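The next block holds one structure in the form of structure tokens; read it before the comments.
Every heavy atom of this structure was used, including side-chain atoms; hydrogens, water molecules and symmetry mates were not. What you see is a predicted model; the values in this text were computed from it and never measured.
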Amino acid sequence: MIRINQLKLKSEEVHEAKRRGTPGLRELLKTRAAAVLRVPRESILGLDICRESLDARKKPDLFYSYTLELYLEREDKLLQKLRARQGKRGKPGAEPFINMGGVQIASAEPTVYRFPQSGSQELQHPIVIVGTGPAGLFCGYFLALHGYCPILLERGKCVEEREQDVKLFWETGVLEPNSNVQFGEGGAGTFSDGKLNTLVKDKNGRNRAVLQAFVDCGAKEEILYEAKPHLGTDVLCRVVRRMREKILEQGGQVRFESQVTDVDIRDGSVRGVEINHENYLPCEQLVLAVGHSARDTFEMLFQKQIPMEAKSFAVGFRVEHPQELINRSQYGMADAGAFGAAAYKLTAQAEDGRGVYSFCMCPGGYVVNASSERGRLAINGMSYSGRNGKNANSAVIVAVTPEDYGSEDALAGVEFQKKLEERAFLLAKGKIPMQRYGVFKACVEQGKTQEELFPVIEVDTGMVLEDNANYEVFPEHKGAGAWADLSGLLPYACSRAFVQGMERFGRQIQGFNRPDVILSGVESRTSSPVRIHRDETLQSRVRGLYPCGEGAGYAGGITSAAMDGLLVAERLASVYAPQKME
């Protein structure tokens with residue numbers, strides 16, 4: 001196989017090819033690759049697109065850069081010929097790559113994902129998986145495909161019913177505690193942008209296997225090679241449903257409205273689980289993929305002395321900008337056109353050393369009420385697949401550590417979250433509290449409340465009436481919002497770090513820190529505040545208990561959680577033999 005890196009094409013010709021779909025793009029790339037290699041087009045027997053990224057360094061002249069894998073006859077001879085043309089001698093692979101006009105060419109071996117061969121130990125009962133977020137769903141999906149018949153337990157509802165409950169909550173404020181943006185089939189990531197990029201290294205091909213599973217269940221093929229793949233909430237809901245259907249087709253079970261309320265542990269090993277405080281299900285292999293918001297489950301496990309610890313996470317606000325502002329900064333043009341709404345990723349360090357960074361950026365998206373507990377309010381961001389909303393939003397968050405929690409208790413981070421969410425709920429009586437950045441900044445920098453500094457704030461827009469600034473940003477929310485004073489919501493050190501980060505980001509993206517930017521709070525569910533310990537076998541000290549995914553502290557996003565679920569599935573399959581279960 002020959003790999004080509006940094007093959008650049010003008011954006012206009014790529015967009016024209018894409019109008020004919022992925023086959024049109026492949027034909028264009030095949031033609032260009034043949035020209036680079038100086039071989040007949042027909043000699044390329046196969047072509048895989050590994051990666052597509054946008055090069056915007058010379059905006060508004062934008063280019064796409066590709067990494068390709070090609071299959072040709074007599075590849076070694078071709079590489080020798082190219083090396084000779086470049087003035088280098090030696091065997092293929094003697095140099096890292098051949099540089100042909102900025103395009104890098106090298107011999108390579110494909111990374112092929114292989115699910116492990118089945119083990120020999122017999123299962124007494126089906127493997128039980130708690131939670132159907134990405135970790136639990138992918139663990140169950142791959143086990144089911146390889147002859148196991150897992151039982152997936154989900155405290156919430158199926159994604160079709162969950163969508164209706166979420167819609168009702170946004171329209172009326174009536175919360176269903178077990179069926180909302182956090183709980184239900186698909187997990188918290190279902191109601192987000194459906195971002196599938198990850199920083200996890202993929203030397204074993206798990207990332208590709210996860211993306212291929214999404215494609216097999218109805219996602220677009222482009223996610224296999226896009227640098228920043230996304231599905232959108234609307235598409236992700238359909239994909240999640242199809243994954244469940246495939247698990248059922250293979251003999252697995254998915255039981256909704258089935259919350260695990262206790263774990264039966266005897267002689268240091270799992271023996272079964274209690275469901276909804278009344279039903280008992282025996283099992284010896286229990287995958288714990290509960291997600292980052294299962295606070296009652298964390299409490300139950302803590303009481304049972306399952307080893308765990310508080311971990312760092314981050315808190316902050318959603319920030320909304322006009323999408324055109326972000327497009328102009330990233331592309332050099334306000335109208336994104338065929339490029340799609342632009343995204344960004346920003347990091348800074350505050351004066352006290354705290355990290356400040358953007359998180360879960362949603363181009364053309366909405367700020368959503370993501371609460372899961374009565375009397376507490378948390379928010380998130382989401383986009384539909386078209387990313388065609390007026391605003392761009394992302395969380396701008398500040399790192400917090402166990403030192404900030406005021407306790408060494410393993411659940412101290414959970415309590416820290418709860419207090420923030422209770423204050424956020426009270427600020428706007430259960431609606432999403434919002435504030436203009438200019439007002440927030442002044443309050444934080446002067447150490448005064450909004451009422452003290454700005455006694456007259458326009459009720460419907462949050463504007464300072466005597467301000468001559470041009471206010472152009474207006475909220476795009478799912479769930480009711482109300483203007484409030486956010487300046488005292490976070491610990492002062494976090495608010496100060498937030499302002500310092502926003503000011504630095506304003507030097508990277510012009511207008512990022514403009515006074516009419518809208519802040520909404522509180523962004524508190526960025527990752528799990530708990531890590532449940534596991535060893536090299538992926539088990540807790542309690543044998544047969546496998547902490548997994550984001551809630552257990554081993555992932556951060558849809559793809560990394562799915563990869564961790566796949567890793568646990570591999571571990572179980574390598575030990576136990578497939579067995580059809582009743």
Does Tyr148 use its side chain to pair, donor to acceptor, with the backbone of Ala573 at less than 3.5 Å?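 Confirmed, Tyr148 side chain pairs with Ala573 backbone.
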
Students often mix this up, so state it plainly: with edges at 30° and 60°, are the rings of Phe115 and His146 parallel, tilted or perpendicular?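 Judged by the thresholds at 30° and 60°, the geometry between Phe115 and His146 is parallel.
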
For Lys167 and Glu161, run salt bridge (charged side-chain N to carboxylate O under 4.0 Å, His left out): C-alpha distance rounded to whole Å, both residues' side-chain angles, the deciding distance at 0.1 Å, then the answer. CA-CA 10 Å; Lys167 182 180 179 182; Glu161 296 179 22; over 6 Å; no

Testing Arg534, Arg206, Arg571 for salt bridge (Lys or Arg N to Asp or Glu O under 4.0 Å) with Asp564, which one passes?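 Of Arg534, Arg206, Arg571, salt bridge (Lys or Arg N to Asp or Glu O under 4.0 Å) with Asp564 is met by Arg534 alone.
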
Return the minimal non-hydrogen interatomic distance between Glu185 and Cys158, and the atom names on each side.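 Looking at all heavy atoms of both residues, the shortest contact is OE1-CA, 3.4 Å.
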
Do you know which two heavy atoms are closest between Trp170 and Met382, and how far apart they sit?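 Residues Trp170 and Met382, closest heavy atoms: CH2-SD, 3.5 Å.
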
No-hydrogen, no-angle side-chain donor-acceptor test under 3.5 Å, [X] and [Y]:
X      : Y      : value
Asp267 : Ser269 : no
Arg255 : Gln253 : yes
Ser179 : Arg162 : no
Arg354 : Thr401 : no
Gln259 : Thr261 : no
Ser524 : Glu421 : yes
Asn391 : Glu320 : yes
Asn276 : Glu257 : no

Ring of Phe425, cation from Arg376 - is the NZ or CZ under 6.0 Å from the centre and inside 45° of the axis?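 Because its charged atom misses either the 6.0 Å distance or the 45° angle limit, Arg376 does not stack over Phe425.
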
Does the Lys NZ or Arg CZ of Lys157 fall within the cation-pi geometry relative to Phe256 - under 6.0 Å from the ring centre and within 45° of the axis?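 The answer is no, since Lys157 fails at least one limit relative to Phe256.
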
Could you walk me through whether Lys419 and Glu415 satisfy the salt bridge (charged side-chain N to carboxylate O under 4.0 Å, His left out) test, starting with their C-alpha distance in whole Å, then the side-chain angles of each, then the deciding distance to 0.1 Å, before giving a yes or no? CA-CA 6 Å; Lys419 290 175 183 177; Glu415 294 304 314; over 6 Å; no

Please say whether more than 12 non-hydrogen atoms of neighbouring residues, nucleotides or ligands are located less than 6.0 Å from NZ in Lys431.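 For Lys431, atom NZ is not crowded (no more than 12 foreign heavy atoms under 6.0 Å).
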
Does Glu249 have more than 12 heavy atoms from other residues, nucleotides or ligands lying within 6.0 Å of its CD?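 Count over threshold, so yes.
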
Give the intermediate values and the outcome of salt bridge (charged side-chain N to carboxylate O under 4.0 Å, His left out) for residues Glu226 and Lys220. CA-CA 11 Å; Glu226 291 173 334; Lys220 60 182 182 179; 3.7 Å; yes

Audit row: Glu284, Arg543, salt bridge (charged side-chain N to carboxylate O under 4.0 Å, His left out) steps and yes/no: CA-CA 8 Å; Glu284 290 77 34; Arg543 298 290 87 181; over 6 Å; no

